[in-house]
Amino acid sequence: MKEALKALKTNPEALFVLGYMLFPLFALIFAGLGLFMVLTGSKIMGLILLLVFTQVFAFGSLKLVGMRKALLADGNK
């Protein structure tokens with residue numbers, strides 16, 4: 001399992017898919033679901049979705065994009 005994660009961190013295509021596509025999509029889905037839950041009455045669970053899961057995926061996306069840029073910069077040198 002550790003080898004697979006290390007290979008994922010060194011593959012710019014995989015980081016592109018995760019950082020630019022999947023994590024932002026998950027953040028958008030959780031934000032919409034959290035907003036829906038707040039508006040329909042489940043305020044606590046909706047706020048948890050909005051404040052925790054949405055932020056995890058949004059900042060995770062930024063971290064993966066940064067990892068990809070650093071990996072591509074090291075590859076050009």
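Just so it is clear, the model here is predicted, and its values are computed rather than measured.
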Subject >> Over 12 foreign heavy atoms within 6.0 Å of CG, L5 >> reply: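 Counting other residues, nucleotides and ligands, CG of L5 exceeds 12 neighbours.
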
**OP:** List the steps and the verdict of side chain to side chain contact (heavy atoms under 4.5 Å, CB included) for V38 and L49.
**Re:** CA-CA 10 Å; V38 167; L49 285 176; over 6 Å; no

Quick check: is [Y] connected to [X] through a chain of hydrophobic side chains (ILVMFWY, heavy atoms under 4.5 Å apart)?
{"X": "L39", "Y": "I29", "answer": "no"}
{"X": "M21", "Y": "L71", "answer": "yes"}
{"X": "F36", "Y": "L51", "answer": "no"}
{"X": "M67", "Y": "L22", "answer": "yes"}
{"X": "F30", "Y": "L35", "answer": "no"}

Original post:
Are L15 and K9 close enough that some pair of their side-chain heavy atoms sits under 4.5 Å apart?
Top reply: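 With C-beta onward as the side chain, the pair stays apart.
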
Original post:
So, the side chain of S61 versus the backbone of Y20: is there a donor-acceptor pair under 3.5 Å, distance only?
Top reply: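 Answer holds: no.
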
**OP:** Give a yes or no on whether the backbone of A7 and the side-chain of T10 come within a donor-acceptor separation of less than 3.5 Å.
**Re:**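 Flag set: sc T10 to bb A7 pair under 3.5 Å.
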
Spacing of [X] atom [atom1] and [Y] atom [atom2] [to the nearest 0.5 Å]:
{"X": "L18", "Y": "N11", "atom1": "CG", "atom2": "CG", "answer": "9.5 Å"}
{"X": "K6", "Y": "M1", "atom1": "NZ", "atom2": "CE", "answer": "15.5 Å"}
{"X": "M37", "Y": "I48", "atom1": "CE", "atom2": "CD1", "answer": "9.0 Å"}

Original post:
Looking at L8 and A14, what are the two nearest heavy atoms and their distance?
Top reply: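 Distance-wise, the nearest heavy atoms are CD1-CB, 3.3 Å.
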
Original post:
Hey, what's the ring geometry for F57 with F23, parallel, tilted or perpendicular (30° and 60° as the breaks)?
Top reply: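 The rings of F57 and F23 stand perpendicular, inter-plane angle above 60°.
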
